[in-house]
Amino acid sequence: MIIKAPRGTADILPIEAKRWQYVEDQIKKVCERYHYDEIRTPVFEHTEVFQRGVGDSTDIVQKEMYTFEDRGGRSLTLRPEGTAAVTRAFVQNKLYGDPSQPVKLYYFMPMFRYERPQQGRMRQLNQFGVEVLGSADPAVDAEVIDLAMTCYQELGLRSLKLVINTLGDKESRAAYRQALIDYFAPVKEELCQDCQSRLNQNPMRVLDCKTDRNHPAMENAPSILDYLNEESKQYFEQVKTYLTMMGIAYEVDPNLVRGLDYYNHTAFEIMSEAEGFGAITTLAGGGRYNGLVEELGGPSTPGIGFGMGIERLLMALEAEKKDIPVDESLDCFVVTMGDEAAKQAVLLVHELRTHGIQVDKDYQGRKVKAQFKAADRYKAKYVLVLGDEELEMQVINLKDMDTGDQIQVPLTELAVIMQEKLQGGK
RNA sequence: GCGGUCGUGGCGAAGUGGUUAACGCACCGGAUUGUGGCUCCGGCAUCCGUGGGUUCGAUCCCCACCGAUCGCCCCA
């Protein structure tokens with residue numbers, strides 16, 4: 001029985017890896033323009049980072065973490081999301097003391113969640129994410145959202161929907177929370193099993209329950225927008241104003257609730273509306289988390305960020321039939337005839353490579369014809385044919401695979417000629 | 001965690017309770033001792049996800065497990 005990759009994990013094979021590289025490169029360019037710097041944190045953290053950061057009552061912490069004890073008896077957890085990890089690094093490394101504020105970071109890191117796998121939902125998933133720590137300016141919220149949207153747009157995605165909401169500050173959020181509990185308490189028994197427990201742990205989640213969607217109580221349920229204090233309202237208005245100013249279309253959904261405890265004020269999600277994208281439509285999600293740094297032992301510091309699933313991004317590109325430009329060609333392939341030539345080819349490719357030329361040769365002991373077929377398969381632009389006779393005369397045949405033209409050149413001049421040919425825009 | 005569907009060579013895809021498991025693509029070899037993309041010929045699954053059961057006999061029937069996939073939950 002062959003060993004397979006664990007459930008919910010996948011190999012990214014060479015062809016696929018080229019698409020990943022392209023996507024990552026494009027996104028990194030956007031990050032540079034927005035002046036964000038990369039950060040990388042460990043794949044595992046002390047379990048406490050997520051318990052305190054993400055919140056004990058969340059699904060992630062309650063049932064999705066890969067938690068284990070190491071040989072020293074420490075409880076460690078494979079990173080399920082980026083924000084708490086990056087914030088921990090921010091606190092530990094005292095980045096709040098860095099003269100450059102706010103600290104604007106981006107990352108590409110794998111995350112791990114124990115869930116039932118599906119397409120677009122992996123146990124090891126890769127996220128691109130951004131975190132800005134140290135500024136409570138609503139313009140930063142807008143910048144972060146703009147950055148996310150720009151990444152998608154640069155890659156060619158068009159069927160996108162941006163949904164935003166505000167959870168208000170701590171005070172507003174607490175007031176709203178209590179209002180919900182009070183409102184639903186009389187009909188608690190009529191709600192689904194999940195909602196009955198949600199009501200205590202995270203009452204806002206009751207609002208977007210699919211099961212109880214049609215319950216009469218939903219209609220007149222209190223809205224967060226009615227419980228915002230003046231400051232929170234102002235903040236949200238500012239964010240919206242900036243988005244509008246930049247021409248970024250959005251929809252306000254008062255029921256948008258993110259599943260992580262650390263969020264307050266701005267929360268947003270970006271979904272794909274592409275045909276046939278299936279039930280999983282969320283491409284990215286994020287929000288503001290002004291209490292998190294303190295929660296993790298740092299000084300009071302505002303923060304905002306988002307996570308974007310790379311697998312889902314790739315799916316969205318596919319759903320919108322956006323081809324990713326991938327260069328699969330090979331500059332040069334060496335075909336040999338005869339034993340001596342085959343041996344000399346080892347040196348030949350080494351020398352050409354030293355001169356910066358991309359070149360490969362046969363290692364399967366193929367016949368000449370099959371070597372040419374291999375060259376075609378690799379989409380070789382040029383083939384260098386080296387036989388024992390040529391070797392004797394210290395020359396080599398250089399064949400242009402597009403035109404079929406072949407010329408004979410002295411071995412000593414080969415590297416220079418190849419460089420010229422390849423630079424000629426071929 | 002719950003419910004449905006599915007699992008045959010590198011890929012795609014037929015098929016049947018009973019000696020040699022179609023076909024297409026890809027790959028390898030030959031026709032063409034040293035030059036590709038076309039054509040023709042030949043080769044290429046001791047085996048039908050894994051384990052067990054039913055049966056004289058199972059890839060085809062049953063069960064379990066594993067995996068994929070769809071929906072729910074949740075989210076990226």
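Below, read A as the first sequence line, B as the second, and so on, with proteins coming before strands; counting in each chain starts at 1. All of these numbers come straight from a predicted model, not from anything done at the bench.
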Practice task
Find the partner of B/rA64: check Watson-Crick (N1-N3 plus N6-O4 or O6-N4) and G-U wobble (N1-O2, O6-N3) distances, both under 3.5 Å, and reply none if neither fits.
Solution key: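 Across all strands, the one nucleotide that pairs with B/rA64 is B/rU50.
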
Side-chain N or O of [X] closer than 4.0 Å to phosphate OP1/OP2 of [N]:
{"X": "A/Arg79", "N": "B/rA76", "answer": "no"}
{"X": "A/Arg7", "N": "B/rA68", "answer": "yes"}
{"X": "A/Gln118", "N": "B/rG71", "answer": "yes"}

With sugar-phosphate meaning primed atoms plus P, OP1 and OP2, does [X] contact a base, only sugar-phosphate, or nothing at under 4.0 Å between heavy atoms?
{"X": "A/Leu125", "answer": "base"}
{"X": "A/Lys63", "answer": "nothing"}
{"X": "A/Gly129", "answer": "nothing"}
{"X": "A/Glu390", "answer": "base"}
{"X": "A/Glu64", "answer": "sugar-phosphate"}
{"X": "A/Asn126", "answer": "nothing"}
{"X": "A/Ala375", "answer": "nothing"}

Handout entry: Residues that A/Asp37 engages under salt bridge (charged side-chain N to carboxylate O under 4.0 Å, His left out), provided they are two or more places apart
Key = none

Exercise for the section: Would you please name every residue forming a salt bridge (charged side-chain N to carboxylate O under 4.0 Å, His left out) with A/Glu38, sequence neighbours left out? Expected result: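 Checked A/Glu38 against salt bridge (charged side-chain N to carboxylate O under 4.0 Å, His left out); matches are A/Arg40.
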
Handout entry: Near-ring test A/Phe306/A/Phe128, centroid separation under 6.0 angstrom
Key = yes

Practice task
Under 4.0 Å from any atom of RNA chain B, heavy atoms only: list the residues of residues 305-317 of chain A that qualify, in numerical order.
Solution key: A/Gly307, A/Gly309, A/Arg312

Handout entry: Cation-aromatic face contact A/Lys240/A/Tyr242, 6.0 Å, 45 degrees
Key = no

Problem - Separation of atom CE in A/Met122 from atom P in B/rU69, rounded to whole Å - result: 7 Å

Handout entry: Distance in angstrom units between A/Arg121 CZ and B/rU69 P, rounded
Key = 11 Å

Handout entry: From B/rG1, B/rG36, B/rG29, nucleotide with atom closest to A/Ala370 side chain
Key =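 When the side chain of A/Ala370 is considered, B/rG29 is the closest of B/rG1, B/rG36, B/rG29.
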
Problem - Side chain of A/Gln119 (C-beta onward), nearest among B/rU69, B/rG37, B/rA76 - result: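 Selected nucleotide (nearest to the side chain): B/rU69.
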
